[in-house]
Number of protein chains: 2
Amino acid sequence: MVQLDHKQLWETVADRLRDEILDGHLPAGARLVEADLASRFGVSRGPIRDALADLSRSGLVVDLPRRGTSVASLREQDLAEVYEVRRALEEGAVRMAIARGTAEDFAEMDRLLAATENAYHAGSLPVAWEADMAFHRVYCRMAGNGRLLELVDRLASQTLLLMRTALAEHASLAWTPPVEVPRRIADAIRARDGEGAVRAVANHYQYTEDRLAGRAKTD
Amino acid sequence: MVQLDHKQLWETVADRLRDEILDGHLPAGARLVEADLASRFGVSRGPIRDALADLSRSGLVVDLPRRGTSVASLREQDLAEVYEVRRALEEGAVRMAIARGTAEDFAEMDRLLAATENAYHAGSLPVAWEADMAFHRVYCRMAGNGRLLELVDRLASQTLLLMRTALAEHASLAWTPPVEVPRRIADAIRARDGEGAVRAVANHYQYTEDRLAGRAKTD
DNA sequence: ACATGTGCGATTGTCAACAGTTAGCATTCG
DNA sequence: CGAATGCTAACTGTTGACAATCGCACATGT
């Protein structure tokens, strides 16, 4: 049986809004008025509400009762929170993933590592970040835990938004970790080295933290 | 400023439904028909939809498109998933918590450990489980990461539901870990021993896993 | 000048009704 | 007798309208 994935109206709306938020078309803090969106997309407010509820779940918008919803403007504090949770989840993920990786998974990781570096050197940071997110996603998928994967996805969205909005203020965010850092994760998983993989993930986040802390000092 | 929490209609509905699900009044698999609930609570379908969406987020109900929502009937697989994610999050949480624990936090942990054991010996398992969840929640709150705490809360709901429904089938689930196991977590946090706390959490979940695996074999 | 009260516009919360889809059952045809 | 087809009732997805609430600006009084 072919699973044709018919999207509900609110899913289509949510996808569209998510894109507009992540590509910066809807800047942080922008108000999302249900009636406006309804007329813009030619639907009623019901699906709009559902879509906004989903984006709120993902942390891309904030929803103040009786006062409407607006695009989340995430701060330093949020960045730290997201990274802490992602680190915890990914450390768990690699431990589970080591038993289940297939050759295709490893090939995809290699491909994404290369894509990240290429995009970085080509100067296309958003593309590099997305490839990096996809890289992390691969081994989280390998963990074979649907709940974990969904959480990672939602946090990845928030991370992308954070990077985008933060980059607008701090040019020093225009970087990705040197490819060796994430590669160590891939290598450890490939070698079925659980503790090594956990260390590699910790190292990756430590590196990122240090780099961000450095920014805080030098800016 | 005092945060008085005025509840939206859907929140009230969600709380009520959550209770009814967790105390077994609404058994696993029970269909939740929007119109029925609307007339039962004397509201329209709108707030009911919002409430169901929230419960779906928490994993307490499943939502099949165009076919309505019903109380989640979680399986062995789900139990494993939830525990894996909880373990990952809590290992991260204790690492963050060691720096931030206050005397009140430690007192509350002690109190909850005692409450768990008392309720267990008094034969009131649901109470014991809830106290245990609250215990875990304390050090997750100490981590000072709102996102992490919210995830832990949602997973705790699922765990309670799992325990309840599983208990109905397997009497051998009628237990809690010996109080020493969670106490080691509290002790390590109190001693500001980060790696020890991580080990204690891992140990706790390992113990639970073994016990559950034992059930699978002996039942 | 400052605090307090009041009216207005904007926006969400809630409701009731319509339309499309689904599962189950009866019916028909081979 | 079995499989495919066509109905039917139940339910969700969606809509448009109404009511309640909030923020803001202006007026009023001290």
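Chain A is the first sequence line, chain B the second, and so forth, proteins listed ahead of strands; every chain is numbered from 1.
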Margin query: Would B:R211 and B:W175 count as a cation-pi pair here, with the cationic atom under 6.0 angstrom from the ring centre and within 45° of the axis?
Written below: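 Yes, a cation-pi geometry.
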Next item on the list: Considering only NZ, NE, NH1 and NH2 on the basic side and carboxylate oxygens on the acidic side, decide whether A:R141 and A:D105 come within less than 4.0 Å.
Entry: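 Salt bridge: yes.
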How long is the line joining [atom1] of [X] and [atom2] of [N], in whole Å?
X: B:R31; N: C:dA23; atom1: CZ; atom2: P; value: 10 Å
X: A:L9; N: C:dA19; atom1: CG; atom2: P; value: 17 Å
X: A:D36; N: C:dT11; atom1: CG; atom2: C1'; value: 9 Å
X: A:E34; N: C:dT12; atom1: CD; atom2: P; value: 5 Å
X: B:R67; N: D:dG13; atom1: CZ; atom2: P; value: 12 Å
X: B:W10; N: C:dT12; atom1: CH2; atom2: P; value: 16 Å
X: A:D50; N: D:dG13; atom1: CG; atom2: C1'; value: 9 Å
X: A:R49; N: D:dG13; atom1: CZ; atom2: C1'; value: 15 Å

At 4.0 Å (heavy atoms only), tell me whether [X] reaches a base, stays on the sugar-phosphate, or touches nothing.
X: B:L32; value: sugar-phosphate
X: B:G46; value: nothing
X: A:R66; value: base

Checklist line | Residue whose closest nucleotide on DNA chain D lies nearer the 5' end, A:Q8 versus A:P65 | finding: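 Counting from the 5' end, the first nearest nucleotide belongs to A:Q8.
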Notebook entry, point to check: Which one of B:E90, B:E84, B:E91 satisfies the salt bridge (charged side-chain N to carboxylate O under 4.0 Å, His left out) criterion with B:R87?
Noted result: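 Going through the options one by one, the only one that passes is B:E91.
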Notebook entry, point to check: The side chain of A:R45 lies closest to which of these nucleotides: C:dG13, C:dC15, D:dG13?
Noted result: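 So the nucleotide nearest the side chain must be C:dG13.
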Item checked: Among B:L22, B:I21, B:L60, the one residue meeting side-chain contact (heavy atoms from CB on, under 4.5 Å) with B:L160 ->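 With B:L160 as partner, B:L22, B:I21, B:L60 yield a single side-chain contact (heavy atoms from CB on, under 4.5 Å), made by B:L22.
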